[in-house]
Amino acid sequence: MIVSGMLGAAGLSFLFLVVLFVPLERVFRAREQGFLRPAWWTDLCFFLGQYLLWSSLVFAALAVFRGWLDGLMPADFRAAVAVQPWWLQAVEVVLLSDFLIYWGHRLQHRVSFLWRFLWRFHSIHHSSEHLDWLAAHREHPLDTIYTVGLINLPAFVLGFPLETLAGFIAFRGVWAIYIHSNVKLPLGPLRMIIGAPELHHWHHDRARDAGNYANLSPLMDLLFGTYRHPGVEPEAFGIQEPSAKTYLGHLWQPFRKRRKDEQP
């Protein structure tokens with residue numbers, strides 16, 4: 001019963017995303033590529049892995065971490081946070097999470113001594129050579145724990161209600177798929193406020209010349225000097241170091257022994 005329910009939920013989610021993003025990618029296509037582009041089946045395995053296995057384990061791990069962190073903030077402070085108007089809570093959660101994910105994301109890319117601990121796992125996400133809505137799901141489960149924990153645990157500790165965070169988690173999940181989609185919308189100056197796939201596409205540039213680490217809004221990139229918008233699509237996506245070609249190979253890749261000449 002549980003397995004069939006999970007399969008049903010995964011199927012409905014897949015259908016929802018196809019209906020939402022495939023027409024968008026057809027009408028506002030950023031670069032020419034078919035629906036069944038190379039590595040599509042590998043990314044489908046990542047999608048199924050997230051929905052059928054890893055998501056539940058990730059949130060179980062977050063529940064454990066949250067238990068360890070309970071009590072760090074005074075109860076009166078947490079209560080004051082929880083009674084704020086919902087719109088104010090939403091603004092605060094967005095700003096807090098964007099600040100944290102910006103610096104957490106930037107550390108994954110730019111701090112060389114963290115190469116063995118962060119980029120090894122995050123590189124799986126960047127190994128995609130074709131970006132679209134499905135490629136957004138290519139993520140190592142340990143990288144997911146790092147990212148989801150960074151986004152949500154501080155808000156839990158501060159006392160934001162579960163209802164606020166649940167809606168925010170769902171919205172951010174769809175937004176993450178959107179910014180990876182093969183889409184280029186005529187947003188004009190608005191892209192400096194709400195972000196756009198074309199900005200995140202440059203973050204996936206194979207050259208990895210630091211930039212566009214923010215998620216929901218480019219505000220943090222603008223504030224800290226890492227905003228990039230060349231106006232065209234990158235020549236190529238992916239990573240420069242050797243990469244696995246299969247789903248199981250990607251899951252194992254962060255644990256394999258690296259050659260000395262491999263660089264982050």
Minimum heavy-atom separation for [X] and [Y], please, with both atom names.
X	Y	answer
Pro242	Arg256	O-NH2, 4.0 Å
Val18	Pro23	O-CD, 3.5 Å
Ser123	Glu241	CB-OE2, 4.1 Å
Leu44	Leu134	N-CD2, 3.8 Å

key: Ion pair check, Asp143 and Arg120, cut-off under 4.0 Å   =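 So Asp143 does not pair with Arg120 through a salt bridge.
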Side chains of [X] and [Y] only: does a donor on one sit below 3.5 Å from an acceptor on the other?
X	Y	result
His122	His140	no
Thr226	Arg106	no
Trp103	Gln108	no
His200	His180	yes
Glu25	Ser181	no
Arg172	Ser97	yes

With a 3.5 Å cut-off and sequence neighbours excluded, list the donor-acceptor pairs that the side chains of residues 230-237 form with protein atoms.
{"unit_1": "Glu233", "atom_1": "OE1", "unit_2": "Arg31", "atom_2": "NH1", "d": "3.4"}
{"unit_1": "Glu233", "atom_1": "OE1", "unit_2": "His201", "atom_2": "ND1", "d": "3.0"}
{"unit_1": "Glu233", "atom_1": "OE2", "unit_2": "His201", "atom_2": "ND1", "d": "3.0"}

request  = Would you kindly confirm whether Leu199 and Trp133 end up in one hydrophobic cluster when ILVMFWY residues are joined by side chain heavy atoms under 4.5 Å apart?
outcome  = no
Using a 4.5 Å cut-off on heavy atoms from C-beta on, say whether the side chain of [Y] contacts that of [X].
X	Y	value
Leu48	Phe14	no
Asp98	Asn215	yes
Tyr51	His137	yes
His250	Ser127	yes
Phe171	Leu216	yes
Tyr213	His203	yes

query = Taking the six-membered ring for Trp, is the centroid-to-centroid distance between Phe121 and Phe255 below 6.0 Å?
reply =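 Centroid distance Phe121-Phe255: below 6.0 Å, so yes.
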request  = Please identify each residue that fulfils salt bridge (charged side-chain N to carboxylate O under 4.0 Å, His left out) with Arg29, with sequence neighbours left out.
outcome  =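 Only Glu32 meet the salt bridge (charged side-chain N to carboxylate O under 4.0 Å, His left out) criterion with Arg29.
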inquiry  = Going by salt bridge (charged side-chain N to carboxylate O under 4.0 Å, His left out), name the residues that satisfy it together with Glu198, two or more places apart in sequence or in a different chain.
reply    =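 Checked Glu198 against salt bridge (charged side-chain N to carboxylate O under 4.0 Å, His left out); matches are Arg191.
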Looking at [Y], is its backbone amide N or carbonyl O close enough to the side chain of [X] to form a donor-acceptor pair, meaning the two atoms are under 3.5 Å apart?
X	Y	result
Ser217	Leu219	yes
Glu129	Gly238	no
Asp221	Ala214	yes

message = Set out, in order, the CA-CA distance, both residues' side-chain angles and the distance that settles side chain to side chain contact (heavy atoms under 4.5 Å, CB included) for Asn212 and His204, then state yes or no.
response = CA-CA 9 Å; Asn212 296 348; His204 279 263; over 6 Å; no
